[in-house]
Amino acid sequence: QKKKKTSKKQQQIFNMATSKKFMTLDTICPNVKSAQYAVRGELVIRAEALSHTLQKQKAEGSKLLPFDEIVYCNIGNPQQLKQKPLTYFRQVLSLVECPELLDNPYLDKIFPADVIGRAKQILSSINFTTGAYSSSQGIPLVLKSVAEFIERRDGHPADPNNIFLTDGASVGVQRILKLLIKDRSDGILIPIPQYPLYSATIELYNGSQLGYLLNEEKNWGLEVSELEKSYKEALAKGITPRALVIINPGNPTGQCLDRKNMEEIVEFCHKNRLVLLADEVYQENVYVKETKPFISFKKVVKEMGGDYADLEMVSFHSVSKGFVGECGKRGGYMEINGIESDIKAEIYKLASIGLCPNVTGQLVVDLMVRPPAKGEPSHDLYVKERDNIYDSLKARALLLNKALNSLEGVTCNPPEGAMYAFPQIRLPQKAVDEAKKNGKAPDAYYCIQLLEATGICVVPGSGFGQKDGTYHFRTTFLPSEEAIEGVCTKIADFHANFMNKYK
Ligand SMILES: Cc1ncc(COP(=O)(O)O)c(CN[C@@H]2CONC2=O)c1O
């Protein structure tokens, strides 16, 4: 091993000495190279290459590929798949981005009165321009709106000073992980399967990923015994677990936690002095509200009371999901709880290095947490659009789940929440062998074949982590109602051919 390392080191020195460029794979940060983010990884890169081929074939009138379009089911990006933005949001943003419109004599013929009033209120709170830096923590008006939203949702006080607006939840998550991770001796407990923002960021920051397995046989249930197991394994390796990440509703798995489970998790964090990172970006994407209505971890800790009420935790939310789906606006917030003022000052410093979250994204957060009130002119249209999107997401989730469960060797837990299906595919041994011969994970090999045959881009389960010996893929259920049946048929036809080919 030592001899091997020396020769690798010698090779690196040789490469650096002979390279014409300063930036080489040997000279850049190794954690950048080792970090992986599958949601926009190998499959998407190939899909984009195929998309260029499609454009070429359209221009030449040739037929090079067995499909006419790429269907991006790899990412929870609703408006990429034709979901319309909420009218009220875009009307208010139009006036805020172009205040001169407020002087237009036909203004009240084009915009409802509450839109005009809201735009004026926002403009007066941002010195009449979206082009200036805001405070690093966020626009005070928006911080107040978020605090009031949390109070209404949970029935417990929320302090605007404990809220940080962020360019999407991703930035908040990365900021807190940066705070928690010094080196490989710091571990972060993350679910397996997990959303690879976590695994990639932990790697980027040279921390240690501590996976805890979700139980697929129990509808991706989170068992404290798995948390204990992962926690103890870390200690045995000399790693100090620093935080526990919970994604509720889950991504990619879609499960929703019940209150009892949440209380067990809070007790586990309190007992083991872990910071709880509650990723709740899918809180509006719950399709089992009757049995498992969304409850925030903030609400649970406050109602458990005593020492639990002051549990060190951070909750994350976003404008990218729910029925808003404004991914590109990059809006989100994090609420801190039970965190000392000197640490809060460090979080503020991290925020200030990036100056401020983008102002438009902050305003979309304001619109998300403070929509038109009952009785206002825009209220009825807002409710109609909101409910149509929600009902459609639920219908598509059930339709896709049924289609996947009809496939040979495929099982998929019912979609309780979020925007994804994460079916397990039982691949024939010949397919597994063929994949390994091609240097691919078996589920990645399956997904590549699916893409090449149908143009449908999904993400292999290996990109999210999965129990050894099992194979999955993640697809969104975001193709429009008109398109999703066709997508299901294409997947079914491909799957049947694939299974026959490798029988
Ligand atoms: C669980 C979870 N947390 C945070 C984020 C980040 O959201 P922001 O847009 O607010 O930064 C995502 C995005 N979902 C990714 C993106 O689309 N598909 C996914 O799996 C997510 O799924």
Side-chain angles (χ1 to χ4, degrees), residues 38 42-58 62-77 80-82 252 254 392-393 395-415 419-435 437-438 440-463 466 470-503:
E42 176 190 11
L43 266 290
V44 186
I45 294 164
R46 176 64 183 150
E48 277 156 9
L50 290 169
S51 176
H52 293 313
T53 306
L54 280 173
Q55 283 161 15
K56 193 160 161 278
Q57 89 174 10
K58 270 185 192 137
S62 57
K63 183 90 175 130
L64 304 171
L65 298 170
F67 46 82
D68 300 322
E69 61 168 344
I70 300 291
V71 184
Y72 287 99
C73 293
N74 60 297
I75 189 166
N77 196 8
Q80 181 186 38
L81 285 112
K82 302 190 175 64
S392 175
L393 282 170
R396 284 177 281 165
L398 294 170
L399 186 147
L400 181 63
N401 182 267
K402 186 163 175 263
L404 291 169
N405 276 302
S406 70
L407 304 181
E408 180 193 353
V410 175
T411 52
C412 192
N413 282 326
M419 295 184 165
Y420 316 98
F422 196 66
Q424 181 174 164
I425 45 177
R426 292 161 188 79
L427 298 171
Q429 189 55 45
K430 274 172 72 179
V432 174
D433 297 343
E434 183 69 14
K437 210 164 76 184
N438 286 276
K440 298 287 177 200
D443 47 24
Y445 183 73
Y446 176 92
C447 294
I448 292 164
Q449 303 291 312
L450 172 66
L451 174 64
E452 300 287 352
T454 66
I456 296 168
C457 180
V458 299
V459 185
S462 40
Q466 56 202 343
T470 65
Y471 306 115
H472 301 76
F473 67 82
R474 189 193 80 170
T475 175
T476 71
F477 40 77
L478 294 177
S480 65
E481 290 186 29
E482 297 69 41
I484 196 157
E485 296 210 16
V487 169
C488 291
T489 305
K490 282 185 178 178
I491 292 175
D493 293 347
F494 161 77
H495 185 82
N497 293 335
F498 184 92
M499 297 300 274
N500 287 334
K501 181 178 173 186
Y502 291 103
K503 260 203 182 355

Work out which heavy atom in Leu478 is nearest to a heavy atom in Asn77; give both atom names and the distance. CD1-N, 3.5 Å
Summary of side-chain hydrogen bond (donor to acceptor under 3.5 Å, both in side chains) pairs that have at least one residue in residues 491-501, sequence neighbours excluded: Tyr446-His495
Is there side-chain contact between Phe498 and Leu427, with at least one heavy-atom pair below 4.5 Å? yes
Which heavy atom in Cys73 sits nearest to a heavy atom in Val458, and how many Å separate them? CB-CG1, 4.1 Å
With Tyr420, which residues qualify under ring-ring contact (aromatic ring centres under 6.0 Å, His included), at least two apart? Tyr282
Can you list the residues that meet the side chain to side chain donor-acceptor pair (under 3.5 Å) rule with Glu481, with sequence neighbours excluded? Ser392
Check: Leu407 and Ile491 side chains under 4.5 Å, non-hydrogen atoms: yes
Salt-bridge test for Glu482 and Lys82: reply yes if a basic N is under 4.0 Å from a carboxylate O, no otherwise. no
Can you name the nearest heavy-atom pair linking Ala453 to Phe494, along with the distance? CB-CD1, 3.8 Å
Cys412 side, atom SG; Phe473 side, atom CZ - distance, nearest 0.5 Å: 8.0 Å
With sequence neighbours excluded, tell me which residues meet side chain to side chain donor-acceptor pair (under 3.5 Å) with Tyr502. Tyr445
Selection residues 47-58 - residue pairs positive for side-chain hydrogen bond (donor to acceptor under 3.5 Å, both in side chains), sequence neighbours left out: none
Roughly how far, to the nearest 0.5 Å, is OG1 of Thr454 from CD of Glu69? 10.5 Å
Over all heavy atoms of both residues, which pair between Ala444 and Leu43 is shortest? Give the atoms and the distance, please. O-CD2, 4.5 Å
Does Glu485 have any side chain to side chain contact (heavy atoms under 4.5 Å, CB included) partners at least two apart in sequence or in another chain, and if so, which? Leu399
